[in-house]
2 protein chains.
Amino acid sequence: MTIKDIARKCGVSVSTVSRAINGRPDVSDEMRGKILAVVEECRYIPNNSARDLVRSSSDAIGVVVRGTSNLFFSQVLRAAAQKIEARGFRMILRQIESGADEVKTGAILEREKKLQGLLFLGGRFDYTRQEMSVINVPYVCCTYTNWFGDLGEEDYSSVSIDDQSAARQAVEHLICSGHRRIAAVVAGCSDRSISELRYRGYCAALEAHGIPIDSRLVAETGSFGMAEAYRGVEELLRREEEFTAVFALSDMMAMAVIKALTDHGRRVPQDCSVIAIDGLPLSNYTIPTLTTLEQPAAQMGEKAAALLLDMVEGGGMPRHIRLEARLQPGGSVRRVIKNRE
Amino acid sequence: MTIKDIARKCGVSVSTVSRAINGRPDVSDEMRGKILAVVEECRYIPNNSARDLVRSSSDAIGVVVRGTSNLFFSQVLRAAAQKIEARGFRMILRQIESGADEVKTGAILEREKKLQGLLFLGGRFDYTRQEMSVINVPYVCCTYTNWFGDLGEEDYSSVSIDDQSAARQAVEHLICSGHRRIAAVVAGCSDRSISELRYRGYCAALEAHGIPIDSRLVAETGSFGMAEAYRGVEELLRREEEFTAVFALSDMMAMAVIKALTDHGRRVPQDCSVIAIDGLPLSNYTIPTLTTLEQPAAQMGEKAAALLLDMVEGGGMPRHIRLEARLQPGGSVRRVIKNRE
DNA sequence: CAGATGAGTGGAAACGTTTTCAGCCTTCCA
DNA sequence: TGGAAGGCTGAAAACGTTTCCACTCATCTG
């Protein structure tokens, strides 16, 4: 069932059918009605490949998102989608799994759909300038990485919270609450991911307050998973170093941290406080609720989309937007009376 | 940068370039090496639209998944993806948002990519036979609905747990633990979703044990959200009907239920037990851990993919696979000594 | 050595659209 | 009444591939 069949059925040329379908003004209403009726009747759906192939330019923005179950980025995505629609563009979403290469996916999408711009959401994103050169449209990254190969600041755009400062705020909140022995459960300390940035924020906060950094209080889990975070805490406990608070990389990891502490007889927050970064809706439903630094997910999505569209429409220059994370007070942090040492 | 440019650069015809790129045997190794080098150097990426347009058949299976942040279906998806790859097919994923029409999306995908089959994951799925007629390839549903318009059993395939029986098992587990006043927090009781099926299972369990169904113990939240579930519990408490256990529609809702109970001074499980259905990894990290009926997500994905591929390859007939949910004991249910009334 | 074989290559059609251009027929205006 | 203008339509080119067919050589085979 192609446009030709419809044309034949209607006794007109394919051009006319095409125009009718695409809402062009230069078709008589009578003709349009007739054609649309036939289209409806035959359940004809135009072939998108052919369309994309011939259309020279488009109003499409591609979004490549990594991972299927990331609660945080799905919030970002929703906001970005809304913004893209609002500015009169079409959004084309591609989701990729662990194995795939997001840049290649983006490049394919670019050619396939004649994209105007690309938005990368989530995932590690450590590509070199060389690798990025397959992308010929403006793009914005909203990802888990702080390191972009040999890309200079002026080569790409990004939107994120200031991870280091957020972590610092979190840890300072603990310090201000009287904690001094503060453990950290992070994915990695030098893996060029946001984990590293947040770890640096942790260190910065401690240093600023004259608290020595003790590597025995740091658990590197290697990944962002809950099971790993749980094991990280067990490792910490096994070391028998005293600590009264834990800084967790993310809300999900914080849940696992709290669970591990509880399972090993430490009450949260009475015996040990926990703070995290993310501010997922979920964090309001844990017991205790999470004290966490809320990443403005919606704002991130919106800003990322806006930045991208500015570059697309106005030829705006690459920029890096850093948003503020906001402390979302919860029940997992307890103020302690510093017992003089 | 098209295949023509590559051909020109190599001094050969487009046919040869095409063959080289696609690994056809009828190109001399020398030629292939030369062409591939140029391709690499120019970062040429074939245009997928053109490819799809001309290729008459494909090995592609389309997956249309509704919603971006569904932890359960992302597990199902992962397993399905694996199976599809393993059987030598390509998976093409389309994610859609609340507004979109999954059948239309599927139909477009079908024509665009010359699909061999379609898998629908998540979402309400109440289309009529008339609406489904745009789909011309085998398809399998793994969705939130128990009602498929006027579709007969033989018209489509589906994979799910036996929701009614799972709910019944859950509630019977509560009954066997000594509970008799059992509340339910469901999305709807007659909305033709799995919520209804689970509600029916709840009723069945009560009836089987001679416990009258009390509508004052049932909170209809209207949706699967956490905030709604929380409010549902508040509504239950406001009614001042006594209950010692709550059956929650899903793990996420159970979290909210537990939170609401706790916030209102009821300890879980000491004062009130909670049971749910889902068995998300998350449920092992809540406090207390969730007693829940585990839906075998991986198995569902795998079975759905397998069923679909059987239909595609062997022309197998539509089937309906019902898997068993397994009780995953947790800490949210407490055995009570029935105090004689 | 003649013919068959087969590997490697090029030409061209085909995929299903959109869009440009040209043409026809009305209608309108002077 | 002649011409311009404008609404509507059709023909054909173009988009970038893949693949069928035909062709050229070199290499066998008997």
Side-chain angles (χ1 to χ4, degrees), chain A residues 1-36 38-39 42-60 90 107-116 134 136, chain B residues 1-36 38-39 42-60 90 107-116 134 136:
Chain A
M1 179 62 58
T2 77
I3 200 173
K4 275 187 203 146
D5 300 310
I6 302 295
R8 198 171 319 120
K9 265 206 174 64
C10 296
V12 297
S13 72
V14 291
S15 331
T16 306
V17 175
S18 174
R19 280 186 281 251
I21 290 174
N22 293 291
R24 288 290 141 75
D26 48 357
V27 180
S28 67
D29 287 347
E30 179 196 15
M31 193 82 250
R32 164 170 286 119
K34 194 164 128 194
I35 291 173
L36 258 31
V38 174
V39 164
C42 300
R43 303 191 200 312
Y44 163 71
I45 297 177
N47 179 308
N48 239 315
S49 296
R51 273 191 159 162
D52 290 338
L53 182 57
V54 72
R55 279 207 260 252
S56 50
S57 91
S58 86
D59 51 355
R90 221 162 31 110
I108 291 173
L109 203 56
E110 179 190 327
R111 281 151 187 72
E112 195 172 354
K113 301 289 185 183
K114 309 252 165 65
L115 295 187
Q116 299 295 104
V134 288
N136 301 304
Chain B
M1 178 61 59
T2 78
I3 200 174
K4 275 187 201 145
D5 301 308
I6 302 295
R8 199 173 316 120
K9 263 205 175 65
C10 296
V12 296
S13 73
V14 291
S15 331
T16 306
V17 176
S18 174
R19 281 186 282 250
I21 290 174
N22 293 291
R24 288 289 142 74
D26 48 358
V27 181
S28 67
D29 288 348
E30 181 197 15
M31 194 81 246
R32 164 171 288 120
K34 195 164 128 196
I35 292 173
L36 259 31
V38 174
V39 164
C42 300
R43 303 192 200 311
Y44 163 70
I45 297 177
N47 180 308
N48 239 316
S49 295
R51 273 193 160 162
D52 289 338
L53 181 57
V54 72
R55 279 207 258 253
S56 51
S57 92
S58 86
D59 52 355
R90 222 161 32 109
I108 290 173
L109 203 56
E110 179 190 326
R111 281 152 187 72
E112 193 173 355
K113 301 290 185 185
K114 310 250 165 67
L115 294 187
Q116 299 294 105
V134 287
N136 302 303

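Just so it is clear, the model here is predicted, and its values are computed rather than measured. Within every chain, numbering begins at 1; the chains are lettered A, B, ... in the order of the sequence lines, protein sequences first and strands thereafter.
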*Asks:* Can you find a donor-acceptor N/O pair under 3.5 angstrom joining the side chain of B/Ser15 to the base of C/dG11?
*Replies:*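 Indeed there is one.
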*Asks:* Have a look at B/Arg24 and say if it touches a base, only the backbone sugar-phosphate, or nothing, with a 4.0 Å heavy-atom cut-off.
*Replies:* sugar-phosphate
*Asks:* NZ of B/Lys114 versus C1' of C/dT17: gap in Å, rounded?
*Replies:* 12 Å
*Asks:* Does any part of the side chain of B/Asn47, heavy atoms only, come nearer than 4.5 Å to the side chain of B/Thr2, both counted from C-beta?
*Replies:* no
*Asks:* Across the strands shown, which category fits A/Ser18 at heavy-atom distances under 4.0 angstrom: base, sugar-phosphate, nothing?
*Replies:*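 Answer is base: heavy atoms of A/Ser18 come under 4.0 Å of a base.
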*Asks:* Remember a base hit wins even if backbone is also touched, and classify A/Asn47 as base, sugar-phosphate or nothing at under 4.0 Å, heavy atoms.
*Replies:* sugar-phosphate
*Asks:* Under 4.0 Å: is that the gap between some side-chain N or O of A/Thr16 and OP1 or OP2 of D/dC8?
*Replies:* no
*Asks:* Give one of base, sugar-phosphate or nothing for B/Asn48, where a contact means two heavy atoms less than 4.0 Å apart.
*Replies:*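 The residue B/Asn48 makes no contact with any strand.
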*Asks:* Under 4.0 Å: is that the gap between some side-chain N or O of A/Arg32 and OP1 or OP2 of D/dC8?
*Replies:*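 Looking at the OP1 and OP2 atoms of D/dC8, neither is under 4.0 Å from any side-chain N or O of A/Arg32.
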*Asks:* Can you measure A/Arg55 atom CZ to C/dT18 atom P for me and round it to whole angstrom units?
*Replies:* 6 Å
*Asks:* To the nearest Å, how far apart are B/Ile35 CD1 and D/dT17 P?
*Replies:* 14 Å
*Asks:* Rounded to whole Å, please give me the gap between CZ in B/Arg19 and C1' in C/dG8.
*Replies:*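 That distance rounds to 8 Å.
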*Asks:* Can you give me the closest heavy-atom contact between A/Val134 and A/Ala107, atom names plus distance?
*Replies:*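 Answer, listing the atom of A/Val134 first, then A/Ala107: CG2-CB, 3.9 Å.
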